[in-house]
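A short worksheet on the structure shown next.
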Amino acid sequence: GVFVLSARSAAALTGLAAAHAERLAASDGTASDWAASDWAAACWTAATGRAALPWRRAVVADTAADAAAVLRGNAAPAWSIESGTPVTGPAPLVWLFTGQGALRPGASGGLLDTEPAFAEAWHAACSAFAPYLPAGTPGLHVVLHGPDAAEWLRRPSLAQPAHIALAAALAALWRARGLTPAMVLGHSLGEYAAAYIAGVLDLDGLARLVAGRGRLCEALAPGGMAATTASEAEVTAALAKLPTALATEFGLAALHGPAG
């Protein structure tokens, strides 16, 4: 979890960190009495239930015990940041683009009807992708908004381009509203959108790369993927216990987290 603290001064932040470290640790210093759900609730409350004051610190930790150790200075954090100067004025704007899986049939239909900047960018992206989509498939507008959208979006060769075309159109809408990001980030497929928004790729280059990625993903042998909060070591140990007949059918596909 991400545990955040904020205070009105550097001294107050130091005291707040010490007080929270004391609370997060059990009497024996192990925090063994903190269940995972309690730790998640503590992170949520710290982020949403306190005022965002000028001096801030954030720690990423898997357990309350880990967070307590970091706050006490007894352990190196997986990831931690502390403001060196007070935060003043509006925070820099950062755009984060999601990976595949966030798209739903008909997404953005309302924006197409009400936001000209979005509609113009969407149709421009659809046109850019058109030459690179698989033969015999409809354009991206039909893929996302047509009557068979749910079926078309099962195909990575269409879903991935539709996802990125939507991201490009959303960015155009935000810019039309006067918003300019100080930084752009992307997760997985979203990295392509971030590269385009940052000016690393033009629209045709974006279309070529994403359409090619979609075709390659679709050409892979059929299978499935599941997400878990277990550690790499736990998953590896569980896979090692599989019967020989199943061992070749399962594998660790990706690591997402502070250590991955």
Side-chain angles (χ1 to χ4, degrees), residues 2 60 79 90-134 137-146 148-220 225 227 253-258 260:
V2 181
V60 174
W79 184 89
L93 181 63
V94 178
W95 292 353
L96 174 62
F97 295 92
T98 64
Q100 185 179 357
L103 194 59
R104 298 292 182 269
S108 77
L111 293 177
L112 283 169
D113 295 335
T114 59
E115 298 290 347
F118 177 88
E120 180 181 357
W122 166 254
H123 290 299
C126 289
S127 297
F129 273 99
Y132 309 117
L133 298 180
T137 59
L140 292 186
H141 188 77
V142 174
V143 167
L144 187 57
H145 297 287
D148 299 319
E151 291 302 317
W152 288 122
L153 290 175
R154 293 180 183 274
R155 296 185 56 176
S157 63
L158 299 174
Q160 292 186 18
H163 182 104
I164 294 302
L166 178 58
L170 284 172
L173 172 60
W174 297 333
R175 282 176 163 162
R177 295 288 182 86
L179 300 177
T180 301
M183 181 184 297
V184 289
L185 302 171
H187 170 254
S188 188
L189 181 62
E191 292 181 89
Y192 293 86
Y196 168 67
I197 301 307
V200 177
L201 299 171
D202 62 14
L203 188 55
D204 181 72
L206 175 71
R208 286 173 180 266
L209 279 174
V210 173
R213 183 185 193 273
R215 289 195 302 272
L216 289 173
C217 290
E218 191 168 297
L220 294 173
M225 183 180 291
L255 297 174
H256 291 297

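Index from 1, following the sequence.
By the 30° and 60° cut-offs, the orientation of the rings of Phe97 relative to Trp95 is perpendicular. Between Trp122 and His145, the ring-plane angle classifies as perpendicular under the 30° and 60° cut-offs.
Expressed to the nearest 0.5 Å, how far CD of Glu115 lies from CG of Leu170 amounts to 10.5 Å. A distance of 9.5 Å separates CD in Glu191 from CG in Leu185, rounded to the nearest 0.5 Å. Here the NE2 atom belonging to His187 is positioned 11.5 Å from the CD atom belonging to Gln100, to the nearest 0.5 angstrom. Going from atom CH2 of Trp174 over to atom CG of Leu179 covers 9.0 Å, rounded to the nearest 0.5 Å. Distance CG/Leu206 to CD1/Ile197: 8.5 Å, rounded to 0.5 Å.
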field: side-chain contact (heavy atoms from CB on, under 4.5 Å) between Val210 and Phe129, worked out
entry: CA-CA 9 Å; Val210 173; Phe129 273 99; 3.9 Å; yes
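Checked options Arg213, Arg155, Arg154; the residue passing with Glu218 is Arg155 (criterion: salt bridge (Lys or Arg N to Asp or Glu O under 4.0 Å)).
Scanning both residues, Pro131 and Ala128, for their nearest heavy atoms gives CD-O, 3.3 Å. Pro161 and Ala211 make their closest contact through CG-CA, 4.1 Å (heavy atoms, listed as atom of the first residue, atom of the second, distance). Residues Ala162 and Leu103 share a closest heavy-atom pair of CB-CD2, 3.8 Å. What you find for Leu144 and Arg104 is that their closest heavy atoms are CD1-O, 3.5 Å. Across all their heavy atoms, Ala125 and Ala165 have their closest contact at CB-CB, 3.7 Å. Among all heavy-atom pairs drawn from Ser108 and Leu166, the shortest one is CB-CD1, 3.5 Å.
By the 4.5 Å heavy-atom criterion applied to side chains, Leu153 and Leu158 are not counted as neighbours. The side-chain heavy atoms of Pro156 and Leu216, taken from C-beta on, include no pair separated by under 4.5 Å. Within the 4.5 Å cutoff, side-chain heavy atoms of Leu140 are placed close to those of Leu133.
Pairs of residues two or more places apart, or lying in two chains, that qualify as side chain to side chain donor-acceptor pair (under 3.5 Å) and include a residue from residues 194-208 are Tyr132-Asp204, Tyr132-Arg208, Asp204-Arg208.
Partners of Arg175 by salt bridge (charged side-chain N to carboxylate O under 4.0 Å, His left out), not counting sequence neighbours: none found.
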